[in-house]
Amino acid sequence: MISDAVSCGTKCAPQRSLLRALGMTDEEIAKPMIGIVSSYNEIVPGHMNIDKIVNAVKQGVAMAGGNPVVFPAIAVCDGIAMGHKGMKYSLVTRDLIADSTEAMAIAHAFDALVMVPNCDKNVPGLLMAAARLNIPTIFVSGGPMLAGRVKGEKRSLSSMFEAVGSYNSGKISAEELDEFENKVCPSCGSCSGMYTANSMNCLTEVLGMALRGNGTIPAVYSERIRLAKHAGMKIMELLEKNICPRDIMTEDAFRNALTMDMALGCSTNSMLHLPAIAHECGIDLNLDIANEISSKTPNLCHLAPAGHTYMEDLNEAGGIYAVMNEINKLGLLKTDLITCTGKTIAENISGVLNKNPEIIRTIDNPYSKTGGIAVLRGNLAPDSCVVKRSAVAPEMLKHSGPAKVYDCEEDAMAAINGGEIVEGDVVVIRYEGPKGGPGMREMLNPTSAIMGMGLGSTVALITDGRFSGATRGASIGHVSPEAAVGGPIALIRNGDIIDIDINANTINVRLSDEELKKRRSEWVQRKPSITTGYLARYASLVTSGNRGAVLEVPSCNTGK
């Protein structure tokens, strides 16, 4: 066992003395040491219940003969960080989480890990760490929030952001806005739609790194406590069989994840996170395959913000395994892959029923014949950009309009609230990419303001930043190359006509190659907005959004 390095023999007497200082007995020290990565904190609603999940995991590990030891991971609430400087610190925590978990696991010689994440960057950060460490690992999340109810209708956080836009445009009263504020987030858990946190927790099931129900069982259900106990017990089986993350997260597993991403209509942030996790597995997940997969994969689910169903509804309909079983009728999944259950995907999903074909459409009655996410290319985004096609109004799947250009989110918000944006416009927000932000902020405030003002079916928004999973509408993000490195988005001017054709996977600005070349010669690179601290280091190492915004360590020349 790895933990023998701190527990066995005379040479480890100093280490054992410190373990005894923790109150460990001889019997505990002799058992496999299982690290439980707790993402509990008191600021993120999706994490306030994780202490209970962690305690249940500890019980499961102990019941199965392991020695459970808890250590922490950080997590940022994207909703609280939204719309101010704090959002620059959201995506960047993914790498802090992976790095710190790696450091803790290796420094203390854990034999296996149980990851307990929940919200947006916390899940992919821990998946990256799992791949990097490659010791037996299982995931169990904190679970999704229940939907709120306003005037008898189910609502969620995306409704709240759009309600602000509706209030600012005079469509609802202050009293109605206050009702939204008090009711849309009624419990602990990750926000209740198919936003980034829930997307990644669901895809963790698909990848095979979590037990059934991880993505959909509501946070407040006792069933989640039982799930956590089973995860604690299961890690001991994975340790005994030496089943490790890279045995599970193979190239075929990532293709399965992209397929289910399309079927579920997940957040566009999955197009950042899946390549980053694959990168840690030594796999180059080229997003060029996303459209190929999408062309064959029907979109079967329209959870908020795309529709009016929520994670609790998907759970009651049979959960992720039921969607997988439905999609597998088309032969689109590789099902002989091993998973954290110790069984194959085929064994896991066998006989799982779709209990509600209104929540999980059948393959004969999909929302669309193609997947929920599209990757676009053209002279505006030569290296690609991403849109959540399933959340776009049909009339906006093809759109042309004049650019209204802003060099940061704050300027765009001032223009939207000031009435500068009119029907037909294409709002361009740039210098918000991984390097330019730095940190690739989410643009939920601008998109929600546009939707709340009733412009969602006539106005598009493009950015080298990214979008919250709560965003809906013709919102196109991850434009690569980004403005900060001189990508074409840096060259656009007010009034330039932008052509968007989501079904054709294209995005272009009506400028000749000669004009683009001329503008590039005139372009002046902006000075970094932040030059100290973690964000400055991050900006110096981060790659483009189309590569998953992974950090690239400069090559080290050790030649004599």
Side-chain angles (χ1 to χ4, degrees), residues 268 271-272 275 286-292 294-295 370 373-389 392 395-409 411-412 421 424-437 440 443 446-447 458-467 473-526 542-549:
T268 52
M271 296 291 105
L272 283 174
N286 190 330
L287 290 184
D288 284 340
I289 67 172
N291 286 336
E292 169 211 331
S294 179
S295 68
T370 53
I373 290 178
V375 176
L376 314 184
R377 272 190 171 82
N379 70 351
L380 181 52
D383 291 342
S384 79
C385 55
V386 177
V387 63
K388 188 170 184 174
R389 174 166 42 198
V392 177
E395 58 268 32
M396 288 298 290
L397 291 171
K398 188 172 184 178
H399 178 76
S400 297
K404 296 280 183 70
V405 184
Y406 306 95
D407 285 349
C408 66
E409 178 189 0
D411 288 352
I421 307 305
D425 282 346
V426 178
V427 179
V428 178
I429 307 177
R430 62 191 179 191
Y431 294 102
E432 291 285 6
K435 285 184 179 294
M440 207 176 185
M443 301 292 127
T447 57
T458 58
V459 170
L461 190 152
I462 68 172
T463 181
D464 53 7
R466 59 194 178 90
F467 294 107
S475 304
I476 300 165
H478 312 185
V479 171
S480 303
E482 62 174 294
V485 298
I489 191 172
L491 311 178
I492 296 173
R493 297 173 183 170
N494 284 325
D496 289 344
I497 301 300
I498 295 174
D499 298 315
I500 301 163
D501 192 334
I502 293 172
N503 287 332
N505 304 117
T506 60
I507 182 167
N508 291 286
V509 58
R510 290 186 199 172
L511 296 174
S512 66
D513 292 344
E514 291 75 16
E515 177 63 19
L516 284 169
K517 185 177 180 180
K518 176 178 177 290
R519 292 188 186 185
R520 185 175 304 284
S521 69
E522 299 167 349
W523 176 73
V524 178
Q525 188 167 21
R526 294 183 6 153
V542 70
T543 61
S544 180
N546 70 298
R547 294 181 55 194

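What you see is a predicted model; the values in this text were computed from it and never measured. Count residues from 1 along the sequence.
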- Please tell me if the side chains of Ile497 and Pro402 come closer than 4.5 Å, counting only heavy atoms from C-beta onward. yes
- Please confirm whether the backbone N or O of Glu515 pairs with a side-chain atom of Ser512, one donor and one acceptor, at under 3.5 Å? yes
- Does any N or O in the side chain of His399 come within less than 3.5 Å of the main-chain N or O of Gly424, such that one atom is a donor and the other an acceptor? yes
- Query: Can you name the closest pair of heavy atoms from Pro275 and Leu287 and give their distance?
  - Reply: CG-CD2, 3.9 Å
- In this structure, CD1 of Ile289 is separated from OG of Ser294 (nearest 0.5 Å) by 12.0 Å
- Look at the side chain of Glu432 and the backbone N and O of Glu409, then say whether any donor-acceptor pair between them is shorter than 3.5 Å. yes
- Check: Asp425 side chain, Val427 main-chain N or O, donor-acceptor pair, under 3.5 Å: no
- Task: Evaluate the side-chain contact (heavy atoms from CB on, under 4.5 Å) criterion for residues Phe467 and Lys388: first the C-alpha distance (whole Å), next the side-chain angles of each, then the deciding distance (0.1 Å), finally the verdict.
- Result: CA-CA 10 Å; Phe467 294 107; Lys388 188 170 184 174; over 6 Å; no
- Query: Going from CE on Met271 to CD1 on Ile373, what distance comes out if it is rounded to the nearest 0.5 angstrom?
  - Reply: 4.5 Å
- Task: Keeping the roles fixed (side chain from Thr463, backbone from Ile429), state whether a donor-acceptor pair exists under 3.5 Å.
- Result: yes
- Message: Between Cys385 and Ile507, does the side-chain contact (heavy atoms from CB on, under 4.5 Å) criterion hold? Intermediate values first, please.
- Response: CA-CA 9 Å; Cys385 55; Ile507 182 167; 3.7 Å; yes
- Item | Backbone of Tyr431 reached by a side-chain donor or acceptor of Asp464 within 3.5 Å | yes
When the side chains of residues 484-492 are checked against the rest of the protein, which donor-acceptor pairs come out under 3.5 Å, sequence neighbours left out?
none

- Short N-O contact, Lys518 and Glu514, less than 4.0 angstrom: no
- Task: Measure across Asn505 and Arg389 and return the closest heavy-atom pair with its distance rounded to 0.1 Å.
- Result: ND2-NH1, 4.3 Å
- Query: Going through the checks in order, is the side-chain contact (heavy atoms from CB on, under 4.5 Å) test met by Ile500 and Met396?
  - Reply: CA-CA 9 Å; Ile500 301 163; Met396 288 298 290; over 6 Å; no
- Approximate separation, where rounding is to 0.5 Å, of Thr506 OG1 and Asp501 CG: 4.5 Å
- Would you say the side chain of Ser544 lies within less than 4.5 Å of the side chain of Pro481, judging by non-hydrogen atoms? no
- Where the side chain of Asp499 meets the backbone of Ser400, is there a donor-acceptor pair that is under 3.5 Å apart? no
- Query: Which distance, rounded to the nearest 0.5 Å, do you find between the CG of Asp496 and the CZ of Arg519?
  - Reply: 4.0 Å
- Message: side-chain hydrogen bond (donor to acceptor under 3.5 Å, both in side chains) for Ser475 and Thr447? Distances and angles first, verdict last.
- Response: CA-CA 7 Å; Ser475 304; Thr447 57; 4.9 Å; no
- Query: Which heavy-atom pair separates Val459 from Ala474 by the least distance, and what is that distance?
  - Reply: O-CB, 4.4 Å
- Tightest non-hydrogen contact, residues Arg430 and Ala483, listed as CB-CB, 3.9 Å
- Query: Which heavy atom of Ser480 sits nearest a heavy atom of Gly545, and at what distance?
  - Reply: OG-N, 3.8 Å
- Task: Test side-chain contact (heavy atoms from CB on, under 4.5 Å) on Val542 and Met440 and set out the steps.
- Result: CA-CA 10 Å; Val542 70; Met440 207 176 185; over 6 Å; no
- Query: Taking the side chain from Asn379 and the backbone from Val509, do they hold a donor-acceptor pair closer than 3.5 Å?
  - Reply: yes
- Task: Please round to the nearest 0.5 Å and tell me the distance separating atom CD1 of Ile498 and atom NZ of Lys404.
- Result: 12.0 Å
